[in-house]
Amino acid sequence: MRVRTSPSLALVKYWGKKAGGRNLPATTSLAVTLAGLDTRTLVRVAAPGEGDAVQVGGELQDAARYAPFFDEARRLFHSPLHFAASSENSFPSAAGLASSSSGFAALALGCAALSGLAEGPRANALASDLARLGSASAARAVYGGFTLLPAGARRAEPLEGPAYWPDFRVVVALATREKKRDSSRGAMELTRTSSPYYAPWVRDARKVSREALAAFRDRDAQKLGELMRLSYLRMHASALAAEPPVLYWLPDSVALIKACAALRARGIGAWETMDAGPQVKVFCLAPELAAVEAALREAAPGCELIVTQPGPGPDLSAEAGPR
Ligand code: 2P0
(Lines give C-alpha, C1' and ligand atoms only; values in the text may rest on other atoms or scores of the structure.)
Protein backbone atom coordinates (compact mmCIF):
# COMPACT_ATOMS: atom_id res chain seq x y z
CA MET A 1 0.00 0.00 0.00
CA ARG A 2 1.43 3.34 -1.03
CA VAL A 3 0.20 6.42 0.83
CA ARG A 4 0.96 10.06 0.14
CA THR A 5 0.24 12.61 2.84
CA SER A 6 1.17 16.21 3.56
CA PRO A 7 2.05 17.88 6.86
CA SER A 8 -0.50 19.66 9.00
CA LEU A 9 0.50 23.22 9.88
CA ALA A 10 -1.21 24.50 13.02
CA LEU A 11 -2.57 28.02 12.65
CA VAL A 12 -3.56 27.74 16.32
CA LYS A 13 -1.24 25.50 18.32
CA TYR A 14 -1.36 22.25 20.21
CA TRP A 15 1.36 22.31 22.86
CA GLY A 16 1.06 20.02 25.89
CA LYS A 17 -0.87 16.87 26.70
CA LYS A 18 -3.70 15.99 29.04
CA ALA A 19 -2.71 13.71 31.92
CA GLY A 20 -3.34 10.00 31.37
CA GLY A 21 -0.78 9.00 28.77
CA ARG A 22 -3.03 8.66 25.70
CA ASN A 23 -1.48 11.60 23.85
CA LEU A 24 -4.61 13.71 24.13
CA PRO A 25 -3.91 17.39 23.39
CA ALA A 26 -4.36 19.94 26.18
CA THR A 27 -5.16 22.74 23.74
CA THR A 28 -7.37 22.96 20.65
CA SER A 29 -5.52 23.28 17.34
CA LEU A 30 -6.84 24.67 14.07
CA ALA A 31 -4.71 23.62 11.12
CA VAL A 32 -4.22 23.48 7.39
CA THR A 33 -2.79 20.56 5.43
CA LEU A 34 -0.14 21.97 3.08
CA ALA A 35 0.04 21.10 -0.61
CA GLY A 36 3.41 20.44 -2.19
CA LEU A 37 5.24 19.07 0.85
CA ASP A 38 4.88 15.33 0.50
CA THR A 39 5.46 12.24 2.59
CA ARG A 40 5.40 9.02 0.57
CA THR A 41 5.12 5.87 2.59
CA LEU A 42 5.09 2.25 1.55
CA VAL A 43 3.34 0.08 4.15
CA ARG A 44 3.19 -3.69 3.88
CA VAL A 45 2.21 -6.60 6.05
CA ALA A 46 5.32 -7.95 7.79
CA ALA A 47 6.41 -11.50 6.98
CA PRO A 48 5.66 -14.21 9.60
CA GLY A 49 8.13 -13.86 12.46
CA GLU A 50 9.10 -10.36 11.41
CA GLY A 51 8.12 -7.61 13.88
CA ASP A 52 6.84 -4.12 13.16
CA ALA A 53 9.51 -1.90 11.60
CA VAL A 54 9.65 1.65 10.28
CA GLN A 55 12.30 3.37 8.19
CA VAL A 56 12.29 7.10 7.51
CA GLY A 57 14.65 8.34 4.82
CA GLY A 58 16.36 4.95 4.89
CA GLU A 59 17.01 5.08 8.66
CA LEU A 60 15.52 2.41 10.87
CA GLN A 61 13.47 4.09 13.62
CA ASP A 62 13.45 3.30 17.34
CA ALA A 63 10.98 0.42 17.78
CA ALA A 64 9.95 1.63 21.26
CA ARG A 65 8.64 4.91 19.79
CA TYR A 66 6.33 2.96 17.47
CA ALA A 67 5.28 0.03 19.70
CA PRO A 68 2.21 1.70 21.30
CA PHE A 69 1.11 2.82 17.83
CA PHE A 70 1.23 -0.64 16.27
CA ASP A 71 -0.34 -2.28 19.35
CA GLU A 72 -3.20 0.21 19.09
CA ALA A 73 -3.52 -0.47 15.33
CA ARG A 74 -4.08 -4.17 16.05
CA ARG A 75 -6.60 -3.37 18.78
CA LEU A 76 -8.55 -0.76 16.78
CA PHE A 77 -8.65 -2.77 13.57
CA HIS A 78 -9.14 -6.18 15.25
CA SER A 79 -6.12 -7.33 13.30
CA PRO A 80 -3.35 -9.81 14.13
CA LEU A 81 -1.01 -8.23 11.57
CA HIS A 82 2.43 -6.72 11.98
CA PHE A 83 3.54 -3.97 9.63
CA ALA A 84 6.71 -2.81 7.87
CA ALA A 85 6.91 0.70 6.49
CA SER A 86 9.40 2.90 4.71
CA SER A 87 8.83 6.58 4.30
CA GLU A 88 10.45 9.46 2.40
CA ASN A 89 9.79 13.18 2.83
CA SER A 90 10.15 15.70 0.00
CA PHE A 91 11.13 18.26 2.67
CA PRO A 92 13.52 18.27 5.68
CA SER A 93 12.46 15.79 8.39
CA ALA A 94 12.36 16.61 12.11
CA ALA A 95 13.12 20.26 11.40
CA GLY A 96 9.90 21.90 12.53
CA LEU A 97 7.98 21.17 9.33
CA ALA A 98 5.59 18.69 10.95
CA SER A 99 7.07 15.60 9.28
CA SER A 100 5.74 13.50 12.16
CA SER A 101 2.19 14.65 11.32
CA SER A 102 2.34 13.46 7.71
CA GLY A 103 4.42 10.41 8.66
CA PHE A 104 2.09 8.98 11.31
CA ALA A 105 -1.01 9.90 9.24
CA ALA A 106 0.35 7.90 6.30
CA LEU A 107 1.25 4.98 8.54
CA ALA A 108 -2.20 4.95 10.18
CA LEU A 109 -4.02 5.09 6.84
CA GLY A 110 -1.79 2.34 5.43
CA CYS A 111 -2.38 0.06 8.45
CA ALA A 112 -6.15 0.69 8.22
CA ALA A 113 -6.24 -0.22 4.53
CA LEU A 114 -4.08 -3.33 5.00
CA SER A 115 -6.38 -4.40 7.85
CA GLY A 116 -9.29 -4.41 5.41
CA LEU A 117 -10.99 -1.10 6.24
CA ALA A 118 -12.55 0.40 3.13
CA GLU A 119 -11.61 4.02 2.45
CA GLY A 120 -14.28 6.35 3.86
CA PRO A 121 -15.33 8.38 6.89
CA ARG A 122 -15.09 5.48 9.35
CA ALA A 123 -11.61 4.45 8.22
CA ASN A 124 -10.50 8.09 8.36
CA ALA A 125 -11.91 8.55 11.86
CA LEU A 126 -10.16 5.43 13.16
CA ALA A 127 -6.95 6.36 11.35
CA SER A 128 -7.09 9.84 12.92
CA ASP A 129 -7.48 8.25 16.36
CA LEU A 130 -4.53 5.92 15.71
CA ALA A 131 -2.38 8.65 14.16
CA ARG A 132 -2.91 10.78 17.28
CA LEU A 133 -1.19 8.15 19.38
CA GLY A 134 1.87 8.48 17.16
CA SER A 135 1.82 12.28 17.10
CA ALA A 136 -1.17 14.40 18.03
CA SER A 137 -0.68 16.67 15.01
CA ALA A 138 -0.94 13.55 12.81
CA ALA A 139 -4.60 13.17 13.78
CA ARG A 140 -5.16 16.29 11.65
CA ALA A 141 -2.99 15.21 8.68
CA VAL A 142 -5.37 12.32 7.93
CA TYR A 143 -7.50 15.01 6.25
CA GLY A 144 -6.79 17.63 3.61
CA GLY A 145 -7.86 21.25 3.76
CA PHE A 146 -8.62 22.77 7.15
CA THR A 147 -8.96 20.70 10.31
CA LEU A 148 -9.70 21.04 14.01
CA LEU A 149 -8.33 18.89 16.84
CA PRO A 150 -10.26 19.93 19.96
CA ALA A 151 -8.58 19.85 23.39
CA GLY A 152 -8.95 16.37 24.86
CA ALA A 153 -10.25 14.87 21.60
CA ARG A 154 -9.21 11.46 20.32
CA ARG A 155 -9.58 12.43 16.67
CA ALA A 156 -9.49 15.45 14.43
CA GLU A 157 -12.47 16.86 12.55
CA PRO A 158 -12.29 17.89 8.91
CA LEU A 159 -13.60 21.47 8.72
CA GLU A 160 -13.41 22.48 5.07
CA GLY A 161 -11.66 21.32 1.91
CA PRO A 162 -8.90 23.31 0.20
CA ALA A 163 -11.39 25.10 -2.09
CA TYR A 164 -12.96 26.86 0.91
CA TRP A 165 -10.35 29.61 0.80
CA PRO A 166 -8.77 29.68 -2.67
CA ASP A 167 -6.50 32.68 -1.97
CA PHE A 168 -4.98 31.17 1.18
CA ARG A 169 -1.17 30.91 0.89
CA VAL A 170 1.60 29.93 3.27
CA VAL A 171 5.20 30.85 2.53
CA VAL A 172 7.54 28.51 4.39
CA ALA A 173 10.93 30.12 5.07
CA LEU A 174 13.58 27.53 5.88
CA ALA A 175 15.96 29.04 8.40
CA THR A 176 17.85 25.73 8.45
CA ARG A 177 17.58 22.21 7.01
CA GLU A 178 19.20 20.72 10.12
CA LYS A 179 17.40 18.25 12.35
CA LYS A 180 16.38 19.65 15.71
CA ARG A 181 18.02 18.41 18.87
CA ASP A 182 14.95 18.57 21.15
CA SER A 183 11.94 16.49 20.15
CA SER A 184 8.58 18.30 20.29
CA ARG A 185 7.37 15.60 22.60
CA GLY A 186 10.15 16.15 25.13
CA ALA A 187 9.96 19.92 24.84
CA MET A 188 6.24 20.12 25.42
CA GLU A 189 6.50 17.76 28.37
CA LEU A 190 9.27 19.91 29.82
CA THR A 191 7.05 22.96 29.34
CA ARG A 192 4.14 21.22 31.06
CA THR A 193 6.17 20.08 34.03
CA SER A 194 8.46 23.07 34.60
CA SER A 195 7.10 26.27 33.03
CA PRO A 196 5.15 28.58 35.35
CA TYR A 197 3.42 29.84 32.21
CA TYR A 198 2.09 26.45 31.11
CA ALA A 199 -1.26 26.66 32.94
CA PRO A 200 -1.92 30.24 31.73
CA TRP A 201 -1.01 29.12 28.18
CA VAL A 202 -3.59 26.33 28.28
CA ARG A 203 -6.24 28.60 29.83
CA ASP A 204 -5.69 31.40 27.33
CA ALA A 205 -5.57 29.00 24.35
CA ARG A 206 -9.29 28.25 24.85
CA LYS A 207 -10.21 31.83 24.04
CA VAL A 208 -7.72 32.16 21.18
CA SER A 209 -8.91 28.94 19.50
CA ARG A 210 -12.59 29.89 19.88
CA GLU A 211 -12.02 33.31 18.32
CA ALA A 212 -9.76 31.90 15.59
CA LEU A 213 -12.40 29.37 14.59
CA ALA A 214 -14.94 32.21 14.27
CA ALA A 215 -12.47 34.24 12.15
CA PHE A 216 -11.89 31.18 9.97
CA ARG A 217 -15.66 30.76 9.55
CA ASP A 218 -15.84 34.41 8.41
CA ARG A 219 -12.77 34.02 6.15
CA ASP A 220 -11.42 37.07 8.01
CA ALA A 221 -7.68 36.94 7.19
CA GLN A 222 -6.76 39.93 9.34
CA LYS A 223 -8.46 38.57 12.46
CA LEU A 224 -7.24 35.01 11.89
CA GLY A 225 -3.71 36.26 11.24
CA GLU A 226 -3.65 38.24 14.48
CA LEU A 227 -4.91 35.24 16.46
CA MET A 228 -2.35 32.96 14.79
CA ARG A 229 0.37 35.29 16.04
CA LEU A 230 -1.01 35.29 19.59
CA SER A 231 -1.14 31.49 19.53
CA TYR A 232 2.43 30.80 18.46
CA LEU A 233 3.95 33.63 20.49
CA ARG A 234 2.20 32.49 23.68
CA MET A 235 3.14 28.87 22.98
CA HIS A 236 6.80 29.84 22.57
CA ALA A 237 6.62 32.12 25.64
CA SER A 238 5.48 29.17 27.75
CA ALA A 239 8.31 27.02 26.33
CA LEU A 240 10.91 29.72 26.89
CA ALA A 241 9.98 29.78 30.58
CA ALA A 242 10.66 26.03 31.00
CA GLU A 243 13.66 24.76 32.98
CA PRO A 244 15.90 24.39 31.03
CA PRO A 245 14.41 26.88 28.54
CA VAL A 246 13.24 25.70 25.13
CA LEU A 247 14.38 28.15 22.45
CA TYR A 248 13.93 27.26 18.78
CA TRP A 249 14.54 30.62 17.14
CA LEU A 250 17.60 31.53 15.07
CA PRO A 251 18.69 35.03 14.00
CA ASP A 252 17.00 34.51 10.60
CA SER A 253 13.75 33.55 12.36
CA VAL A 254 13.75 36.91 14.13
CA ALA A 255 14.62 38.76 10.90
CA LEU A 256 11.64 37.08 9.20
CA ILE A 257 9.29 37.91 12.08
CA LYS A 258 10.36 41.55 11.84
CA ALA A 259 9.90 41.53 8.06
CA CYS A 260 6.28 40.43 8.57
CA ALA A 261 5.74 43.28 11.04
CA ALA A 262 7.17 45.73 8.49
CA LEU A 263 4.87 44.33 5.79
CA ARG A 264 1.83 44.79 8.03
CA ALA A 265 2.93 48.35 8.81
CA ARG A 266 2.80 48.96 5.02
CA GLY A 267 -0.75 47.57 4.91
CA ILE A 268 0.26 44.18 3.46
CA GLY A 269 -1.26 41.20 5.28
CA ALA A 270 1.52 38.82 6.36
CA TRP A 271 1.12 36.89 9.59
CA GLU A 272 3.81 34.47 10.70
CA THR A 273 3.71 31.35 12.81
CA MET A 274 6.43 29.02 14.15
CA ASP A 275 6.46 25.47 15.44
CA ALA A 276 9.04 23.35 17.23
CA GLY A 277 11.89 24.60 15.07
CA PRO A 278 13.38 27.80 13.61
CA GLN A 279 11.35 27.83 10.35
CA VAL A 280 8.92 30.69 9.85
CA LYS A 281 5.63 30.09 8.03
CA VAL A 282 3.84 33.15 6.76
CA PHE A 283 0.13 33.28 6.00
CA CYS A 284 -0.93 35.75 3.31
CA LEU A 285 -3.48 36.01 0.52
CA ALA A 286 -2.60 35.32 -3.13
CA PRO A 287 -2.73 38.95 -4.35
CA GLU A 288 -0.03 39.89 -1.79
CA LEU A 289 2.16 36.84 -2.28
CA ALA A 290 4.74 38.51 -4.53
CA ALA A 291 5.27 41.40 -2.10
CA VAL A 292 5.54 38.99 0.84
CA GLU A 293 8.05 36.75 -0.93
CA ALA A 294 10.18 39.76 -1.92
CA ALA A 295 10.26 41.09 1.64
CA LEU A 296 11.13 37.72 3.17
CA ARG A 297 13.90 37.17 0.60
CA GLU A 298 15.39 40.55 1.37
CA ALA A 299 15.18 40.01 5.15
CA ALA A 300 16.84 36.58 5.09
CA PRO A 301 18.62 36.06 1.75
CA GLY A 302 20.02 32.68 2.84
CA CYS A 303 16.62 31.15 3.53
CA GLU A 304 14.93 28.95 0.97
CA LEU A 305 11.25 29.89 0.46
CA ILE A 306 8.56 27.33 -0.36
CA VAL A 307 5.13 28.62 -1.37
CA THR A 308 2.29 26.34 -0.34
CA GLN A 309 -1.49 26.40 -0.13
CA PRO A 310 -4.19 24.20 1.39
CA GLY A 311 -3.75 20.74 -0.02
CA PRO A 312 -5.95 17.77 -0.81
CA GLY A 313 -6.40 14.86 1.51
CA PRO A 314 -4.13 11.82 1.51
CA ASP A 315 -3.83 9.70 -1.58
CA LEU A 316 -3.86 5.96 -1.06
CA SER A 317 -3.18 5.00 -4.61
CA ALA A 318 -0.12 7.16 -5.27
CA GLU A 319 2.00 5.77 -8.07
CA ALA A 320 5.35 7.04 -6.90
CA GLY A 321 6.85 6.01 -3.60
CA PRO A 322 10.10 4.88 -2.05
CA ARG A 323 11.74 2.22 -4.14
C1 2P0 B 1 1.03 21.65 16.35
N2 2P0 B 1 3.31 21.08 17.18
O3 2P0 B 1 -0.13 21.91 16.73
C4 2P0 B 1 2.13 21.89 17.35
C5 2P0 B 1 2.62 23.31 17.31
C6 2P0 B 1 4.51 21.87 17.22
C7 2P0 B 1 4.09 23.22 17.60
O8 2P0 B 1 2.18 19.20 17.15
O9 2P0 B 1 4.26 14.59 21.11
O10 2P0 B 1 5.04 15.91 16.82
O11 2P0 B 1 4.19 13.52 18.88
O12 2P0 B 1 2.11 14.52 19.88
O13 2P0 B 1 2.56 16.38 17.10
C14 2P0 B 1 4.50 18.97 17.11
O15 2P0 B 1 4.36 17.97 18.01
O16 2P0 B 1 3.99 15.98 19.12
C17 2P0 B 1 3.26 19.76 17.16
P18 2P0 B 1 3.60 14.57 19.77
P19 2P0 B 1 3.94 16.47 17.64
O20 2P0 B 1 1.28 21.28 15.18
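Counting starts at 1 for both ligands and their atoms, in listed order.
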Sorted by chain and number, sequence neighbours left out, ring pair (Phe, Tyr, Trp, His ring centres under 6.0 Å) with W165 holds for F168, F283
Hits for salt bridge (charged side-chain N to carboxylate O under 4.0 Å, His left out) against E293, two or more places apart or cross-chain, chain-then-number order -> R297
request  = Determine yes or no for a side-chain-to-main-chain donor-acceptor pair under 3.5 angstrom, with T33 supplying the side chain and G311 the backbone.
outcome  = no
For F83, the ring pair (Phe, Tyr, Trp, His ring centres under 6.0 Å) test, sequence neighbours excluded, returns none
Contacts table for ligand 1: protein N or O within a distance under 3.5 Å of ligand N or O, distances only.
residue: ligand 1; atom: 3 (O); partner: Y14; partner atom: N; Å: 3.1
residue: ligand 1; atom: 3 (O); partner: R140; partner atom: NH1; Å: 3.0
residue: ligand 1; atom: 9 (O); partner: K17; partner atom: NZ; Å: 2.5
residue: ligand 1; atom: 9 (O); partner: R185; partner atom: NE; Å: 2.9
residue: ligand 1; atom: 10 (O); partner: S100; partner atom: OG; Å: 2.9
residue: ligand 1; atom: 10 (O); partner: S135; partner atom: OG; Å: 3.0
residue: ligand 1; atom: 11 (O); partner: S135; partner atom: OG; Å: 2.6
residue: ligand 1; atom: 11 (O); partner: R185; partner atom: NH2; Å: 3.0
residue: ligand 1; atom: 12 (O); partner: Y14; partner atom: OH; Å: 2.7
residue: ligand 1; atom: 12 (O); partner: K17; partner atom: NZ; Å: 3.2
residue: ligand 1; atom: 12 (O); partner: N23; partner atom: ND2; Å: 3.2
residue: ligand 1; atom: 12 (O); partner: A136; partner atom: N; Å: 2.8
residue: ligand 1; atom: 13 (O); partner: S137; partner atom: N; Å: 3.2
residue: ligand 1; atom: 13 (O); partner: S137; partner atom: OG; Å: 2.6
residue: ligand 1; atom: 20 (O); partner: R140; partner atom: NH2; Å: 2.9

| said: Do S87 and T41 pair up side chain to side chain, a donor and an acceptor below 3.5 Å, judged on atom types alone? | reply: yes
Examine the side chains of K281 and T308 and answer whether a donor and an acceptor come within less than 3.5 Å of each other.
no
